[in-house]
Enquirer: 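What follows is a structure written as structure tokens; I'll ask about it next.
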Amino acid sequence: MSSITFAPAERLWLLRTPNTAYVLRLADDDTPTHVYWGTPLDLPEVTALAVAGHALTSSFETLPGPDELTVAAGARFGPPSLSVRFADDTAVVEWTYVGHDVDGGHLAVHLADRHYPLAVTLHYRVHDDSDVIERWTTVRNTSDDEPISLVRLDSAAWAMPDRMEYRVSHVVGGWSNECQLHRTAVPVAETVFTSRRGITSHQANPWLMLDAGDADETHGEVWSTALAWSGSWRITLHREPSGRCAWTGGFGHDGTTWQLTPGESLDTPVFAGAYTPHGFGATSQTWHDFTRQHVLPHPDELRPVLYNSWEATSFDVDEAGQRELAALAADIGVELFVMDDGWFGGRRTDHAGLGDWQPYPGAFPNGLRPLVDDVHKLGMAFGLWVEPEMVNPDSDLYRSHPDWVLHMANRRRTELRNQLVLNFGRPDVVDWALDWLDGLVVDNELDYLKWDMNRLFTEAGWPGHPDPDRLWIDHTRGVYRVMAELRARHPRLRIESCSGGGGRTDLGILAYTDQVWTSDNTDAADRIAIQHGYSQIYPAHTMAAWVTDCPNPTTARTTPLVFRFHVAMAGVLGIGGDLSTWPAADLSLATELIATYREVRSAVQHGRQYRLVHGPALTSVAYVTDDEVVVFGWRITEPFGRRPALMRLVGLDPAAEYRDERTGTVHIGATLMASGIDMALPAGDHASVLIRLHRLR
Ligand code: GLA
């Protein structure tokens, strides 16, 4: 159960989630101050904590805190969460407490500036079924005539308790190299994690896990936060020489502002946090569960096995070729056929066509409908690739609306992949996108859209608009709006989030989409690390993974087909190879493995995920439900002269019996967890195994 308790004498709120407690209070000057975040404590205990405080030791130290939303005020020298400039250039906020509301699991603490027309609400939401605490902020300009410049508006500031050491886990990477997990000591400094690219980014992802340097996969305290936002973002982590470690985060990056007009309010996205004393594995499981329980539109639905044409055909799509691939895909058990880029406008290469969303007559003389109908007749759903936020200068759309793109007066329009970004902050652009997407879905009875976004923002201006920086936030909101409206109009429609692979993976986009294209890198050996990083926060049934051809087009590496399957089967299995070139033996192995996937996918997609071990000699991940255990083992390189250890499983019922479907051997849960199971991984590099255990009683 969760609860929210207010202690009026201490002006303190105690938030309880099923297994954690979070405490804030108002300081004497009404500053909302952080008190505690950790294992459950009761009111008398947290009240004692609240009064303990820290003393100001010299005129060179900062004031007590940390704050729940840090402002530039008094002797505060850390990074502000809220930074404003009022009409007379005053740039300091002084709080007055206005009141609070509790509505179910939602606490709203209302504050205002002591003098200026600024109202601020700090929001907290707790759930009965999750230890994730959602936090966000609303600001409002309460004047009739004075603008307020918002220099920075974060969703929330978070802090972990004082420890001797601090360590941060996060992911870094690049295109085709997303989600590389980094775990490193927090420097005594301000460390900025950010995307200035207009999207979540391949280079960083807006979540952090903090620990005292002593946590591992199954043990130790971890404080984690994740931002639900798909545009530019910034999280600043600061560790002070005096010992404190806190962080503040939200949408937009440094230097972008928002002019809050009289009467206007602005809501930030959610920056959620979770504490667990049980290590990184439990942290990930908490986020997986939360994503299922409170983020995804259709969490209980099993994701279909898809086929995608991109690696098979590149831009060279036409009706006959797609029909041939669809027939082969249906034969091996595919359930959703997705035609990728190249079907529209003058799109024969990446130089032209984006923006002209009519089928290319040379390839689809009768439109898409005949192909879609055929695919439906084959018993598969039909999906289509689109890139709505983009335009090639060589397109009819750009020729008629050159002002629709992000641009600045007297500046070049930098092209990346020969394309420019349409400004989805503009209502006319959003209306246009909604209109043609809606028509496309209706006319072709589309079941699925792969929504791509293949370049970053440059020259991000909006000439003529009084507050052009808004586009950094309003573009993302425009994307959300179009997706939400499409889903509302077409409840059967499912959407995949893609941005050159995993450039738009976050809890914001997952509220409007069903799965993410994890990476353009489909090399199974590289995927193991990418999937490991992905799994830190995001659940397996949002992680699309294709089996493609070898040598791999990105890395030139060749790996066995079964290895490629076993890696992809750990997420949402898809096929992305050119099936027309697959030998009969490969097609038959694919048929068998897709059938197996369909048997294990409820465990993979809905089970509890345990990362058992991670390294080049062996990575193993298990998915556990009440009656089934599915374990994958993958070896990239085989070290000489080392016998693989038994693999100890986690999360089983110690008293239950489990039958190993490979051999029929029956094991006791306690034995599997204490001693382990022989994985019987085949010899050699790029070896893999899939173990299925069924609970007998
Ligand atoms: C991006 C996507 C790919 C593919 C191409 C098409 O790179 O990540 O999967 O759709 O665009 O141009």
Side-chain angles (χ1 to χ4, degrees), residues 173-179 197-203 205 230 306-318 321-322 325 336-357 360 363 382-392 394-395 415-421 440 446 448-456 479 494-506 509 513-524 526-527 530-531 534 542-549 552-555 568 571-578:
W175 173 76
S176 276
N177 187 32
E178 296 86 339
C179 293
R197 296 162 198 262
I199 54 167
T200 325
S201 95
H202 302 77
Q203 286 73 13
N205 199 268
S230 315
L306 72 72
Y307 178 84
N308 179 293
S309 63
W310 174 244
E311 286 197 20
T313 63
S314 180
F315 297 100
D316 194 12
V317 295
D318 62 22
Q322 294 294 300
L325 286 171
L336 163 64
F337 182 84
V338 183
M339 177 160 71
D340 210 277
D341 199 351
W343 59 268
F344 53 92
R347 187 80 167 163
R348 296 290 89 192
T349 67
D350 63 13
H351 282 75
L354 284 172
D356 299 340
W357 297 102
Y360 168 58
F382 186 88
L384 199 58
W385 180 94
V386 291
E387 198 178 1
E389 298 149 83
M390 292 295 150
V391 65
N392 287 118
D394 185 2
S395 65
E415 292 178 26
L416 298 172
R417 212 192 188 205
N418 313 302
Q419 60 201 58
L420 297 167
V421 184
L440 194 69
L446 298 183
Y448 187 90
L449 289 173
K450 176 180 173 186
W451 181 305
D452 207 343
M453 202 294 185
N454 273 315
R455 63 154 288 173
L456 309 171
V479 170
R494 301 290 174 264
I495 304 179
E496 173 177 347
S497 169
C498 175
S499 177
R504 195 142 67 184
T505 307
D506 55 80
I509 207 73
T513 56
D514 303 280
Q515 59 198 56
V516 173
W517 178 222
T518 314
S519 177
D520 276 347
N521 185 343
T522 56
D523 177 327
D526 282 2
R527 270 291 175 131
I530 294 172
Q531 297 186 176
Y534 187 97
T542 63
M543 185 180 76
W546 308 342
V547 174
T548 59
D549 295 339
N552 183 274
T554 308
T555 64
V572 179
L573 176 66
I575 312 293
D578 184 356

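Whatever order the structure lists them in is the order used to number ligands and atoms, beginning at 1.
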Enquirer: Quick one: sort the Trp343 and Trp357 rings into parallel, tilted or perpendicular, breaks at 30° and 60°.
Expert: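 Rings of Trp343 and Trp357: tilted, 30 to 60°.
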Enquirer: Would you please name every residue forming a side-chain hydrogen bond (donor to acceptor under 3.5 Å, both in side chains) with Asp506, sequence neighbours left out?
Expert: Thr200, Ser230
Enquirer: Could you list the residues that satisfy ring-ring contact (aromatic ring centres under 6.0 Å, His included) with Phe382, not counting sequence neighbours?
Expert: none
Enquirer: State, to 0.1 Å, how close Thr505 and Asn205 come at their nearest heavy-atom pair, and which atoms those are.
Expert: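 Scanning both residues completely, I find the closest heavy atoms to be O-ND2, 2.8 Å.
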Enquirer: Got a sec, which residues hit side-chain hydrogen bond (donor to acceptor under 3.5 Å, both in side chains) with Tyr448, two or more places apart in sequence or on another chain?
Expert: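 Counting only residues at least two positions away or on another chain, Tyr448 forms a side-chain hydrogen bond (donor to acceptor under 3.5 Å, both in side chains) with Glu496, Gln515.
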Enquirer: Side chains of Asn392 and Asp394: do they bring a donor and an acceptor to under 3.5 Å?
Expert: no
Enquirer: Identify the protein atoms, limited to N or O, that lie within less than 3.5 Å of an N or O atom of ligand 1, and list each pair with its distance to 0.1 Å.
Expert:
{"unit_1": "ligand 1", "atom_1": "7 (O)", "unit_2": "Asp520", "atom_2": "OD2", "d": "2.8"}
{"unit_1": "ligand 1", "atom_1": "8 (O)", "unit_2": "Gly501", "atom_2": "N", "d": "3.0"}
{"unit_1": "ligand 1", "atom_1": "8 (O)", "unit_2": "Asp520", "atom_2": "OD1", "d": "2.5"}
{"unit_1": "ligand 1", "atom_1": "8 (O)", "unit_2": "Asp520", "atom_2": "OD2", "d": "3.1"}
{"unit_1": "ligand 1", "atom_1": "9 (O)", "unit_2": "Lys450", "atom_2": "NZ", "d": "2.7"}
{"unit_1": "ligand 1", "atom_1": "9 (O)", "unit_2": "Trp517", "atom_2": "NE1", "d": "3.4"}
{"unit_1": "ligand 1", "atom_1": "9 (O)", "unit_2": "Asp520", "atom_2": "OD1", "d": "3.4"}
{"unit_1": "ligand 1", "atom_1": "10 (O)", "unit_2": "Asp340", "atom_2": "OD1", "d": "2.6"}
{"unit_1": "ligand 1", "atom_1": "10 (O)", "unit_2": "Asp340", "atom_2": "OD2", "d": "3.2"}
{"unit_1": "ligand 1", "atom_1": "10 (O)", "unit_2": "Trp385", "atom_2": "NE1", "d": "3.0"}
{"unit_1": "ligand 1", "atom_1": "10 (O)", "unit_2": "Lys450", "atom_2": "NZ", "d": "3.0"}
{"unit_1": "ligand 1", "atom_1": "10 (O)", "unit_2": "Asp452", "atom_2": "OD2", "d": "3.4"}
{"unit_1": "ligand 1", "atom_1": "11 (O)", "unit_2": "Asp452", "atom_2": "OD2", "d": "2.9"}
{"unit_1": "ligand 1", "atom_1": "11 (O)", "unit_2": "Asn454", "atom_2": "ND2", "d": "3.1"}
{"unit_1": "ligand 1", "atom_1": "12 (O)", "unit_2": "Asp341", "atom_2": "OD2", "d": "2.6"}
{"unit_1": "ligand 1", "atom_1": "12 (O)", "unit_2": "Arg417", "atom_2": "NH1", "d": "2.9"}
{"unit_1": "ligand 1", "atom_1": "12 (O)", "unit_2": "Arg417", "atom_2": "NH2", "d": "3.0"}

